[in-house]
Amino acid sequence: MERDFLDLLELQLRVRESIGESFPSRVWVKAEISSLKARAGSHCYIELCQSDRNGVTAKARAVAWVSVWRQIDPYFREVTGSPLSEGMEVLLEVLVTYSELYGFSLVITDIDPEFTLGAKEDARRKTIQRLAEEGLMDLQKGLAFPALPYRIAVISAADAAGYRDFMRHLGENPYGFVFETCLFPAAVQGADAPGAVAAALAAASAAEQPFDIVAIVRGGGSALDLACFDEFEMAAAIARCPIPVVTAVGHDQDFHVADMVANSFVKTPTALAAMLIDLYAREDEMLVSCGTRLRLAFLNKIALMESRIANLETRIKSADPRNILARGWILAVGEDGKVRRRASETVVGESMKLMFPDGTVSVSVVSRTGIGADDGNN
């Protein structure tokens, strides 16, 4: 029994013809870069893909010949501040081709870098919306930031310049303050960063000796370099962390979703170190001020007490009978030992002592005269 058939070459020629008829000119294709291989002065080979929640749904090989690659690569870098890399969503102008030997492929002729920036911004908005819907935006804000953070868990790449700047500034503070830091290494750039930072946060939270704060540190970079800090996985991990998290990512113009959900944020790793040092400096200044005020209050209290003692001494001296006698007065004391202040208090015939500054004279009352006194016979 004979069957109708096509040999392989004829089949592929028909496929190529059909593709040529369907795509006679260049088309713009949206896809994600799953792999990229480029050598200096050579062609760039890219594998594109499309995914959904169930995984990869489509793949295709693409190539940018060296003549085109020399143009689009610097152009993309200039607009986005970052090179093309795996995980990026891109919009490419391509020529659809089919080869009998190499199969289906796309020849890249142009790229739209603004689309990549826009796609990241759109993803950022969706992340913020999801965080808000799941009640994660303000979880960290409910944690009290310690007055004097001492034990600090640092999440960063071990060889990152931002981490080195942070540690140097913290360690070389002019006050000599000492901090205890522990590095939890993690990628802080690229597609692996969200998962790596989330794992580091989990490790820091599970430490046997609790940390006061967690610091996520990364220096500056392009918008696409820092796009991982807008990813939901990282932001959600920060929000759920039971320890106050401080982010110090990028330069002054950067503000990421990670910053939004953190307990607090500063613009650079150096600024974070300065903030921690300043907390201790202000506390030290307050202690010095309190000590000064305490010493002054103590000295004032002593001065007041000394003044009161001096006043008492003056009063005592002024009431001392010897001082009274020294002014020309005489002190009369009856037989009962009581001072006689009036003539009416004396009794005729009683013995008395008259006290002078230089001695005492014993006398006997023979008469009394004066107001209220009798004729002296009593």
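Here, residue 1 is the first one in the sequence, and each next residue gets the next number.
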Using atom types as modelled and distance alone, determine if a side-chain donor or acceptor of [X] lies under 3.5 Å from a backbone N or O of [Y].
{"X": "N173", "Y": "L170", "answer": "yes"}
{"X": "R151", "Y": "Q209", "answer": "yes"}
{"X": "R368", "Y": "V347", "answer": "no"}
{"X": "T247", "Y": "V249", "answer": "no"}
{"X": "Q140", "Y": "I238", "answer": "yes"}
{"X": "Q50", "Y": "K59", "answer": "no"}
{"X": "D230", "Y": "K120", "answer": "no"}
{"X": "T314", "Y": "A310", "answer": "yes"}
{"X": "S156", "Y": "A158", "answer": "no"}
{"X": "T346", "Y": "A343", "answer": "yes"}

Any [X] side-chain heavy atom under 4.5 Å of [Y] side chain:
{"X": "V363", "Y": "V361", "value": "yes"}
{"X": "V217", "Y": "I155", "value": "no"}
{"X": "E86", "Y": "S35", "value": "yes"}
{"X": "L226", "Y": "H256", "value": "yes"}
{"X": "I213", "Y": "P146", "value": "yes"}
{"X": "M260", "Y": "I128", "value": "yes"}
{"X": "F211", "Y": "F184", "value": "yes"}
{"X": "L9", "Y": "E100", "value": "yes"}

Examine [X] and [Y] and state if one hydrophobic cluster contains both, with Ile, Leu, Val, Met, Phe, Trp and Tyr joined whenever side-chain heavy atoms are less than 4.5 Å apart.
{"X": "V245", "Y": "F145", "answer": "no"}
{"X": "F104", "Y": "V56", "answer": "no"}
{"X": "L117", "Y": "I72", "answer": "yes"}
{"X": "V29", "Y": "L84", "answer": "yes"}
{"X": "L36", "Y": "L48", "answer": "yes"}

Please determine whether the number of non-hydrogen atoms from other residues, nucleotides or ligands lying under 6.0 Å from atom [atom1] of [X] exceeds 12.
{"X": "E133", "atom1": "CD", "result": "yes"}
{"X": "E335", "atom1": "CD", "result": "yes"}
{"X": "M88", "atom1": "CE", "result": "yes"}
{"X": "K30", "atom1": "NZ", "result": "no"}
{"X": "D278", "atom1": "CG", "result": "yes"}

For the student: nearest non-hydrogen atoms of [X] and [Y], plus distance:
{"X": "G162", "Y": "P269", "value": "O-CB, 3.3 Å"}
{"X": "A196", "Y": "A186", "value": "O-CB, 3.7 Å"}
{"X": "L143", "Y": "P244", "value": "CD1-N, 3.8 Å"}
{"X": "C228", "Y": "G190", "value": "CB-O, 3.7 Å"}
{"X": "F76", "Y": "S82", "value": "CD2-O, 3.2 Å"}
{"X": "E134", "Y": "F232", "value": "OE1-CZ, 3.6 Å"}

Out of curiosity, [X] [atom1] to [Y] [atom2], how far, rounded to the nearest 0.5 Å?
{"X": "S51", "Y": "E32", "atom1": "OG", "atom2": "CD", "value": "5.5 Å"}
{"X": "I330", "Y": "K353", "atom1": "CD1", "atom2": "NZ", "value": "16.0 Å"}
{"X": "T270", "Y": "L272", "atom1": "OG1", "atom2": "CG", "value": "9.0 Å"}
{"X": "M352", "Y": "T360", "atom1": "CE", "atom2": "OG1", "value": "12.0 Å"}
{"X": "I108", "Y": "Y45", "atom1": "CD1", "atom2": "OH", "value": "11.5 Å"}
{"X": "R315", "Y": "L312", "atom1": "CZ", "atom2": "CG", "value": "6.0 Å"}

Check this for me, if you would: do [X] and [Y] make a salt bridge, where the nitrogen-to-carboxylate-oxygen distance has to be below 4.0 angstrom?
{"X": "K301", "Y": "E306", "value": "no"}
{"X": "R340", "Y": "E350", "value": "yes"}
{"X": "R342", "Y": "E345", "value": "yes"}
{"X": "R168", "Y": "D165", "value": "yes"}

Steps toward side chain to side chain contact (heavy atoms under 4.5 Å, CB included) verdict (V261, L139): CA-CA 8 Å; V261 298; L139 280 183; over 6 Å; no

V257 and L131: CA distance, side-chain angles, deciding distance, side chain to side chain contact (heavy atoms under 4.5 Å, CB included) verdict: CA-CA 9 Å; V257 177; L131 289 167; 3.4 Å; yes

K126/E121 under salt bridge (Lys or Arg N to Asp or Glu O under 4.0 Å): CA gap, chis, key distance, verdict: CA-CA 9 Å; K126 290 179 179 178; E121 182 58 31; over 6 Å; no

Output field: ring centroids F229/F265 closer than 6.0 Å: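 They do not qualify: ring centres at least 6.0 Å apart.
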
Ring centroid separation Y280 to F177 under 6.0 Å: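 Between F177 and Y280, which both carry aromatic rings, the centre distance is below 6.0 Å.
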
Side chain to side chain contact (heavy atoms under 4.5 Å, CB included) between T109 and V94, intermediate numbers included: CA-CA 6 Å; T109 56; V94 299; 5.9 Å; no

Worked check of side chain to side chain contact (heavy atoms under 4.5 Å, CB included) between Y163 and M167: CA-CA 6 Å; Y163 172 64; M167 294 300 296; 3.5 Å; yes

Cation-pi, Y98 ring and R16 (6.0 angstrom, 45 degrees):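 Geometry flag: not set, cation outside 6.0 Å or 45°.
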
Side-chain H-bond candidate by donor/acceptor type, T97 with S105, under 3.5 Å: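 Distance-only check passes for T97 and S105.
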
Salt bridge (Lys or Arg N to Asp or Glu O under 4.0 Å) assessment of R125 paired with D122: CA-CA 5 Å; R125 287 194 296 267; D122 183 59; 3.4 Å; yes

